[in-house]
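Reviewing the structure listed below.
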Amino acid sequence: MRHRRPLHALYLADDLLVSTIVDAGGAMDRHPFDGAQPGDDEIEHRLRSSSRLRTRLVVDLTDEAFELITLSARLRRDREALAQRALERRHPDTPFRFLRHLPQQRALLAAVSRPAALSRWLERFDALKLPLVGVHSAALLGARWAEGVADGGSRRLAIWSLPTGGIRLSALHAGVPMFSRLVPRGALEGRDDWPHAVAQESRRTAQYLSDDGQWGTASEPPKATLFVPTRARADLALRLDKTSPLPFRVVGFDEVAHAMGLHHAPTLDSIDALIAAILARSGTLNHYAPRYALRHASIVRARGAIGALSVTAAIAGFAVSAWNLTAVADARDAEAAVRARRVALSAEADSAAAEFPPLPASVPFLAELAALQARVPFEHPGPSALLVPLSHVVARYPEVRLTQLAWHLSDNAHPYPALHEPPGDPTGALRSVAAPGAAVAPTADAAAMPTGRLALSTLEGVMPSAGGDFAARQRRLERLVEDLSSLPGVHAEIAESPLDTGPGARLEGRFLAGEQAEGRTRFRLRVTWQRHDPS
């Protein structure tokens, strides 16, 4: 579908907002705002001047989560119900969720895991009466456009150069995005050069997906495609051929625009300009926009049409607007009733949280386990209150695999909950255990506390030690502990190091029939979360 009216495209990154107005002829008026925050005077002036244009918001945040699941139901209505239930269970605390059904009984789940990053902007857009017609994910759009320039192969790695200086890596399997991560500019600085840093991050992502089993057992390396500004395409292609271990193909933004039907697109030097040019010519499926935002955009468009119609048409238009406003009020009343019901269930949730036993965590991160407890809200903290922020930190360490978790509430800093000791180690991990007679930390059953001032958690996991470099794994674990301790009210410490050779421990391992490409070391952490005093 072709649109000839001007479009106002907003590209939102973690610390960047780019406002681009595309007219009917394809000309662009682009204004970037570094360190953008809602309420900035320059941004406010820009948004007010374009408040009569239809607006599409494109988000490219580190807080987006993507997951590909397989459904076992045969009937279509059962598959839809299962997929919706899985989406609500994995992301219960955000209204910005997206579900897409795929062939072969699969479904793609996407969500903005930290809603505050997006809701504060939407609230400001609503106050300025912007006609917002959609909120889109740059990662999902980029995955779809990458297939438009694909040259064969089921396993692909699409890398997009971002205006913030970072890169977005998306793993595609038969055209479906199965994993996406954003590497900020700070993580790429300090290396030899930018192409070499991109090649290292691509190889690391491909190795993680292969080790995790998401790409099956195929032995051939995935094909990597780097999307960059048109002017830098030739130079980067030459430099990547000399440094990258993966087969790389460098594609300019103008080639993507041509594949999407923009045969006379201007020279594009930024991904936000590419997105604005494509969205101005063709519509796309909305991802994250809530219903009230879309309804408000309909009201604004109706008011613009009313000014050019007769009095009779104006009355009819106002009647439609009043109906829409009534629907908004009904929706808000329903939300208030839901909140009242959540408060009424808080006492029951307190009891459920107190009886929550130590459970093993077999998911890559802690978001799945946090979602199980987040289905029933409560006043005292449950595991989800701590595990959701912890999962975002652990997600930055793809080599770390958590295997066990124990949690309880307490008014004192001790004792920490105990973990289950398995009779054998099927992973072949090398670990240090307490020698006979060594002191063992006291444990206690999880019990309900009158205040819930402290939340104590014990985590166990494994991490690879390629070539026996345990010192590198130890430094990596210490960095993880520092990042966990940077969370508000959280203190983390190492209970058992990956390789403890002190006099109070002994070394334990097992023989293998052949050589093992990568060993794994086990570690344990203690995490204390101190909340504000409820009194």
Side-chain angles (χ1 to χ4, degrees), residues 59 61-115 117-119 135-137 139-141 143-144 170-181 208-209 212-216 285-291 335 338 341-342 345 349 352-353 356 359-378 382-392 394-395 398 401-403 405:
V59 297
L61 304 171
T62 56
D63 301 291
E64 292 182 77
F66 308 92
E67 184 178 1
L68 184 66
I69 63 173
T70 302
L71 306 173
S72 59
R74 296 183 178 180
L75 297 179
R76 179 177 179 181
R77 62 176 181 271
D78 294 337
R79 291 198 302 269
E80 293 178 352
L82 287 176
Q84 188 66 37
R85 189 179 307 168
L87 181 62
E88 294 174 356
R89 184 173 67 252
R90 286 165 170 78
H91 304 284
D93 298 324
T94 176
F96 310 114
R97 300 178 295 196
F98 175 69
L99 170 62
R100 176 187 172 189
H101 288 277
L102 304 171
Q104 299 179 357
Q105 298 186 1
R106 294 183 300 172
L108 175 64
L109 310 181
V112 178
S113 55
R114 188 169 63 92
L118 184 56
S119 59
V135 179
H136 315 282
S137 169
L140 294 176
L141 293 177
R144 182 162 64 99
S170 298
L172 310 178
H173 188 276
V176 178
M178 18 178 332
F179 175 83
S180 184
R181 60 186 288 253
Y208 165 71
L209 292 172
D212 197 53
Q214 298 189 43
W215 265 348
L285 181 65
N286 172 68
H287 297 145
Y288 296 141
R291 292 183 178 180
E335 292 178 359
V338 171
R341 178 61 177 168
R342 291 164 69 96
L345 292 175
F356 185 77
L359 291 176
S362 58
V363 293
F365 310 119
L366 302 179
E368 174 71 17
L369 184 58
L372 295 177
Q373 283 293 317
R375 288 180 297 178
V376 182
F378 41 84
S384 62
L386 176 61
L387 298 183
V388 168
L390 288 185
S391 66
H392 298 306
V394 179
R401 311 298 297 168
L402 297 177
T403 57
L405 164 80

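As the structure is a computational prediction, the values presented were derived from the model and not from experiment. Numbers here are sequence positions counted from 1.
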- [ ] Give a yes or no answer on whether the side chain of R97 reaches the backbone of H91 with a donor-acceptor pair at less than 3.5 Å.
- [x]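 Yes; judged by distance alone, with no hydrogens or angles, the pair exists.
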Side-chain donor/acceptor of S170 to backbone N/O of S180, under 3.5 Å: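 No, because the side chain of S170 does not come within donor-acceptor range (under 3.5 Å) of the backbone of S180.
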Do [X] and [Y] have side chains that approach each other closer than 4.5 Å (heavy atoms only, starting at C-beta)?
X    : Y    : result
L99  : L109 : yes
V135 : F96  : no
L140 : L108 : yes
R79  : L82  : no
T62  : H392 : no

Please list, chain by chain and in numerical order, all residues satisfying ring pair (Phe, Tyr, Trp, His ring centres under 6.0 Å) with F66, sequence neighbours excluded.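 Testing F66 for ring pair (Phe, Tyr, Trp, His ring centres under 6.0 Å), a comparison that skips the adjacent residues, returns none.
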### Query
Any chance the side chains of S137 and E64 put a donor and an acceptor closer than 3.5 Å?
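Yes, a side-chain donor-acceptor pair sits under 3.5 Å.
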**Report entry** Approximate separation, where rounding is to 0.5 Å, of E80 CD and L75 CG
**Finding:**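 Reported to 0.5 Å precision, the distance equals 11.0 Å.
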Please round to the nearest 0.5 Å and tell me the distance separating atom CG of L87 and atom CZ of R100.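 CZ of R100 is found 14.5 Å from CG of L87.
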_Test log, rule side chain to side chain contact (heavy atoms under 4.5 Å, CB included), inputs T94 and L118_ = CA-CA 10 Å; T94 176; L118 184 56; over 6 Å; no
task: Of all the heavy-atom pairs spanning A83 and L71, show the shortest one and how long it is.
output: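 That would be CB-CD1, 3.9 Å.
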